[in-house]
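Heavy-atom basis, side chains included; hydrogens, waters and symmetry copies ignored. Lettering of chains follows the sequences in order, A, B, ..., and the numbering in each one begins at 1.
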Number of protein chains: 4
Amino acid sequence: MFIREEKMTTFTKTEYMAKKFSDKQMHILDVAEELIAQKGFEGTSVRDISTKANINVAMISYYFGSKEKMMASLYQYRVLKTRENFSEFADTIKNGKPEMQMKEMIKYIVNQLFKYNYFHGFVTQELRHTESLKDELMEFYQLFVRKLDEVIKKGVTTGVFTFTPKAEDLLTTVIGSTLFVIRNKNFYELYVPHKDAESYQKEAEKKVKMNLLMSVFALLGYASE
Amino acid sequence: MFIREEKMTTFTKTEYMAKKFSDKQMHILDVAEELIAQKGFEGTSVRDISTKANINVAMISYYFGSKEKMMASLYQYRVLKTRENFSEFADTIKNGKPEMQMKEMIKYIVNQLFKYNYFHGFVTQELRHTESLKDELMEFYQLFVRKLDEVIKKGVTTGVFTFTPKAEDLLTTVIGSTLFVIRNKNFYELYVPHKDAESYQKEAEKKVKMNLLMSVFALLGYASE
Amino acid sequence: MFIREEKMTTFTKTEYMAKKFSDKQMHILDVAEELIAQKGFEGTSVRDISTKANINVAMISYYFGSKEKMMASLYQYRVLKTRENFSEFADTIKNGKPEMQMKEMIKYIVNQLFKYNYFHGFVTQELRHTESLKDELMEFYQLFVRKLDEVIKKGVTTGVFTFTPKAEDLLTTVIGSTLFVIRNKNFYELYVPHKDAESYQKEAEKKVKMNLLMSVFALLGYASE
Amino acid sequence: MFIREEKMTTFTKTEYMAKKFSDKQMHILDVAEELIAQKGFEGTSVRDISTKANINVAMISYYFGSKEKMMASLYQYRVLKTRENFSEFADTIKNGKPEMQMKEMIKYIVNQLFKYNYFHGFVTQELRHTESLKDELMEFYQLFVRKLDEVIKKGVTTGVFTFTPKAEDLLTTVIGSTLFVIRNKNFYELYVPHKDAESYQKEAEKKVKMNLLMSVFALLGYASE
DNA sequence: CATGAATGAGGGTTCATTCAT
DNA sequence: AATGAATGAACCCTCATTCAT
């Protein structure tokens, strides 16, 4: 049987993904991701997922062993994809000045969160026995922290930044504020001029980015122009 | 029958509460709150609640109509209690200087979140048909925004603050950062020196407060001492 | 909830039973007993049982906790009833001569097995983690062994029996032979003249009793006058 | 397709087997037999079998049509093998004296049962639509009965046996008692001195043989020595 | 006013089997 | 001739809720 033998062969999306998930599995994970984002893990039944994914109910157990293991896979899947994405991004800014790097990083993080926000923090609340999973996300956060720290130090060295706030605190503020905005749409939209739901999304993202840039650069004691 | 007639009678705890919830209901809500904080809404069964509250299973339906309606009540209950609490707090700082008021407000908010964090944001993810509920929380957030705005304006007027960041952005940063720290313990504890789980809680709270004070006062252009 | 609180109150059938099972439970057990006798434990679904017992599927879990625990209850129930029945029987022969006692015991055992045969030995084959259950049946068998032993000894003492075969071997032969006849109807009926299925049952019981009486008394070296 | 055309081809093990089962089928049956002996028919899944037999899950359906039909084949297979084995055995005693023949037959039957006990009687309990299968076993039992009858008659004729118990009753006692011992290990081991699980098996077999020899020869009125 | 028994719907999972290859 | 992916039915169990008392 598929799962028991842990045999996973075909791969197409990317070389990296291929090592872990088949196309069918990725399809299921994509669907599951969307539903879980909306209704939570316990609120999403395997029947919901299988219906939306146009597969048989049994397939979730078949492909992942159980619903909970599917969740673990989804987790890894998302971390994998995000990490991959980040390393691509990191390349694009590696030659810039610290202030530009910092600015781009903040914009990048907010950007990503607006796309995959549901995913951050949901493990903490819903899954049990998932220490190893959390570790993966933690490693990922630490990647950000290291990168931020690097930029801060460089900026201070080159004299463009005055203070050295803790990188983990910057990250906390950036991710935390963004997630709050995303998850409290009803609140934030009161302060964001917008015509419709779609334009709100764009304007909210712009506003939170501005806020965070202000915050972070203020903390860094950055003397603009 | 009880629910259908929406008959709610006795009241003792406080005049304010009394208008909405009986003692029994409040007892159930207190228990439910604790469990839901731990295991989420879907993860908490009415049997869990009734067992822990030493009441019959049927009572949740009996008193609130359904589990979901109980949740709505819990929501209102928490908003009511928090609002009440906040108005008490507001009194204690009403005569202070703006910088003190700002500092105390940040500390207060972080404090409350460490106690009742589960509650913020869970509606978005888990409950349906809850627009009216969200409104209550929104009103509450706006209360904060107004107060913050008031303090900012006063500080700018008296010359102690240089800039006028948006109050909603300050609140976003404060609540967002705090919730992130609470919900990503595994991450944040890497940067918080602590001996045990209990001491962590205290240290984490201290660190996030410090971070937020720095952030906010930097944004305000506050020239300390 | 019923099961979790282990609260069982009403009792009617007999004082003894009452301590353990409610009427509803006994009804379910009676139905389950019949079905399991026909199709085995794994072959009988809780739906089969609930349908036949005219109750909701959920009731099996509700009353017993799980299907497996229901099985355990059935086991105890049967042992309880059998033990009770046996002690009544034992009274009726307590003043007889050894040869009469032996004869009556054999007839009694065969009799009971024709009624409740399915029950003997099914635990061994189908249930796991049931050591304590087996113990109950074992104690029950030992009750027989002790009684048989007592009769043998008395018979030898009074000179009516010549040999002293082991009581456990007698019991083995009696129970084993009877169960074999019951469970291999297709075989035994070849040698039992009978008109229809009902008359067969009677004739088979008669034949196996005769066979066992001959065997046992031969082993005892009983010189029938 | 294979099954539907009832096409069974190669044969190697023995001429007799060859008529019915291919090597692959026999391999599957051997594995299935072992598992079913341990866990029962319903307790054994086709996956268990296919895994242990190192074949694809689909093969059971492929080779036998269904799990139930596989069971029927297993049944025939076992009867065939046993019958074959018995005819070999019968040869070895065909020239002996009746008392020796009787003794050897009893020992032989007990022996075989200790090896293939699971198989006797399980059809009654677990399989449906198996009248034809039972017939095969019945024929087999009748083979024993005829042989026993022959020996009894010969013994009576030669004067070594005094009585003429019914052969079917002897067989009933022999098989029944043995199966009871095997299936009620927990009971019988109380009376069998043994050091470990393995030695028990041997000692139990010895004890039941002794018991049966005593019983049968007592019934036959055999004057030993 | 409150209860405990009972319900039906739906939960995740396993099963024997089928089907395209 | 044989496989592995996929299926749908059935499994046991838990759920929130209802109802008679």
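Nearest-nucleotide assignment on DNA chain E puts the 5′-proximal partner with C:Val57, out of A:Val46 and C:Val57. For the pair D:Ser66 and A:Thr44, nearest-nucleotide mapping onto DNA chain E gives the more 5' position to A:Thr44. Taking for each of C:Ser45 and D:Ile55 the nucleotide of DNA chain F with the nearest heavy atom, the 5'-most of the two is the partner of D:Ile55.
Remark: F:dC12 base-pairs with E:dG11; criterion is Watson-Crick or G-U wobble with both hydrogen-bond distances under 3.5 Å. Both distances falling under 3.5 Å, in either a Watson-Crick or a G-U wobble arrangement, place F:dT21 opposite E:dA2.
For the pair A:Ser50 (side chain) and A:Arg47 (backbone), a donor-acceptor distance under 3.5 Å is present. With hydrogens and angles disregarded, a donor-acceptor distance shorter than 3.5 Å links the side chain of B:Gln25 to the backbone of B:Tyr63.
As a whole-Å value, the separation of D:Lys67 NZ from E:dT14 C1' is 12 Å. Residue D:Ile49 contributes atom CD1, which lies 10 Å from atom P of E:dT17 at whole-angstrom precision. To the nearest angstrom, C1' of E:dT18 lies 13 Å from CG of A:Asn56. In this structure, NZ of D:Lys39 is placed 13 Å from C1' of E:dT14, rounded to the nearest angstrom. Separating the CG atom of A:Asn54 from the C1' atom of F:dG8 is a distance of 15 Å, rounded to the nearest angstrom. What separates CE of A:Met70 from C1' of E:dT13 is a distance of 14 Å, to the nearest Å. If you take CD of C:Glu68 and C1' of F:dC13, they are 13 Å apart, rounded to a whole angstrom. Distance, D:Ile60 CD1 to E:dA16 P: 9 Å, rounded to whole Å.
Within 4.0 Å (heavy atoms only), D:Ser50 reaches no atom of the nucleic acid at all. Using a 4.0 Å heavy-atom cutoff across all strands shown, D:Lys24 reaches sugar-phosphate atoms only and no base atom.
Interatomic distance, CD1 of B:Ile36 versus CD of B:Glu42, reported as 10.5 Å (0.5 Å rounding).
D:Asp30 and D:Tyr77 share a donor-acceptor pair across their side chains, judged by distance under 3.5 Å alone.
With a 6.0 Å cutoff to the six-membered ring centre and a 45° limit on the axis angle, B:Lys67 counts as a cation-pi contact of B:Phe41.
Counting distance only, with no hydrogens placed and no angle test, the side-chain atoms of C:Arg47 and the base atoms of F:dA10 include no donor-acceptor pair under 3.5 Å.
Within the 4.0 Å cut-off from OP1 or OP2 of F:dG4, not a single side-chain nitrogen or oxygen of A:Tyr62 is found.
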